[in-house]
Amino acid sequence: MHKLAIHIKKLDKQLALCKRCGMCHAVCPVFAETGREADVARGKLALLDGLVDEMFTNPEKVFERLNRCLLCGSCEAICPRNVSVLEIFIKARTILVDFMGLSWKKKIVLQGILARPGLFDKKLRWMAATQKIFNKPARENSGTSCARYFSPFLRSRHFVPLANPPFHSIQPYLNSPPKKSGIKAAFFTGCLIDKIFPNIARATIESLRYHEVGIFMPKAQGCCGMPAIAAGDRKTFNQLVKYNIELFSEQNFDYLLTACATCTFAIKKIWPMMFSGDSGIKTKINSLAKKTMDINQFLVSETDIKPSVLQSGDAVSITYHDPCHLKKSLGILDEPRIMIQANPDYSFNEMSEPDRCCGLGGSFNLQYYEISTKIGKRKIENIKASEASVVASGCSACMLQLSAMLSQSGSGIVVKHPVEIYAEFITKNCRK
Ligand code: SF4
Ligand code: SF4
């Protein structure tokens, strides 16, 4: 434990910033459900202080408490002391995993599969091809699935099925020159968009082409590494970052665009913060992070997209959910709304608490499903109360949670990405 304390002590300066004011209690979605001090930032930071002081003998328990967190950043956004809560939590998870080792299950999933993009892709393709044997549509026209037979893992869950084929099978590579815009953008697809929501990738490409932006999309992209680093697996994370950096180094471009808030957050903030290794790669990471932009932010800042003044008579009511990684971590909130409002076939209605976390939190949903769905219920109630027929969100992970929970609640509300809404407008009115 002394060895562990020495490593956690490296976070001491940041830990000391927390003055235990308790402001984070008001915003933590996990604490709101459990009421446990160990579930809120203040409690977790105190646990890490305890590790530094060698007060605990069981690092597994501390790791478990640290994992009961969505990494939503709500605490960090409100903290009057500017405590870098996410940085502390992610670094502490990696220190604990370095000390204790990764569980065998996570080793198989992360180091055995996710770290190898080719193998990961093959496995997912096989699952997509065979999923109908095990899954059936959850409800007619819902677009979601549920287990066909009893499954101890899935039980009564609804979920979005895998796309068959994934986006990269239809569009494996792109390298087009900048046209009138004079801009060349690289597109980082992201696993969820490639394998579950290929329409978002199609809409992104269509919007970029419409605005005459040159596109570079390298073949066989890997995961952004967020699931690995959130699990404390530094090895897989480093491997994936290195792999992607090499792929995107093939070409020069002005921007790296993603349509997933979590990928944007990972590349912009987590890659520079957490990559350990070669200094040449670090320089490339820092330069890529500066060029990385959310697709909504890029289209609104680099083109003339504006909210539409006129509205169709039969406009569909739409609302928007702010992904935590987009609003709280990157400060992007207006641009997705502008993208939605640029389409006159939709009428925008703000829901209550649009930036309240949806409760997914990556693997948090798998590990703490009950808490995750309790958090999600408040979001679903807010969406329903807005009387919208469509809810948009700029994060594919949030879209998974919203789709599953809306389907399970029996609602017919459709989940879309703002770039899909915008691309519908292009297709209908302005195809050049
Ligand atoms: S709001 Fe910040 S300073 Fe206050 S208890 Fe939470 S983490 Fe500590
Ligand atoms: S990151 Fe989110 S879930 Fe985790 S402690 Fe902070 S507010 Fe709570």
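By convention here, the first residue in the shown sequence is residue 1. Here the structure is a predicted model, which is why all the values come from computation and not from measurement. In each ligand, atom 1 is the first atom listed, and ligand 1 is the first ligand listed.
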>> Regarding Cys18, does it place an N, O or S atom less than 2.8 Å from atom 2 (Fe) of ligand 1?
In response: no
>> Suppose we measure from atom 5 (S) of ligand 1 to each protein heavy atom; which comes out shortest, and what is that distance?
In response: Gly22 N, 3.3 Å
> In ligand 2, which numbered atoms sit nearer than 4.0 Å to a non-hydrogen atom of Ala41?
Replying inline: 5 (S)
> At a 4.0 Å cut-off, with the gap strictly under it, does some heavy atom of Cys75 reach an atom of ligand 1?
Replying inline: no
> Can Lys9 and Asp12 be counted as an ion pair, charged N to O under 4.0 angstrom?
Replying inline: yes
> Would you call Lys416 and Glu424 a salt bridge, using N to O less than 4.0 angstrom?
Replying inline: yes
> What atoms in ligand 1 come closer than 4.0 Å to a heavy atom of Leu45?
Replying inline: 7 (S)
>> Any donor-acceptor pair under 3.5 Å linking the side-chain atoms of Asp294 with those of Thr258?
In response: no
>> Among all the protein's non-hydrogen atoms, which is closest to atom 4 (Fe) of ligand 1, and how far away is it?
In response: Cys21 SG, 2.3 Å
> To which protein heavy atom is atom 6 (Fe) of ligand 1 closest, and what is the distance rounded to 0.1 Å?
Replying inline: Cys24 SG, 2.4 Å
> Relative to the heavy atoms of Val30, which atoms of ligand 2 are at a distance of less than 4.0 Å?
Replying inline: 3 (S)
> Who gets closest to atom 1 (S) of ligand 2 by heavy atom: Gly359, Ser74, Cys72?
Replying inline: Cys72
> What heavy-atom pair brings Ser249 and Lys284 nearest, and what distance separates the two atoms?
Replying inline: OG-CD, 3.7 Å
>> Under a 4.0 angstrom heavy-atom cut-off, which atoms of ligand 1 come close to Arg42?
In response: 5 (S)
> Among protein heavy atoms, which lies nearest atom 2 (Fe) of ligand 1, and at what distance?
Replying inline: Cys79 SG, 2.4 Å
> Under a 4.5 Å cut-off applied to non-hydrogen side-chain atoms, are Ser301 and Met293 in contact?
Replying inline: yes
>> Looking at Glu60, I'd like to know if its CD atom is crowded, meaning that more than 12 non-hydrogen atoms belonging to other residues, nucleotides or ligands lie closer than 6.0 Å.
In response: yes
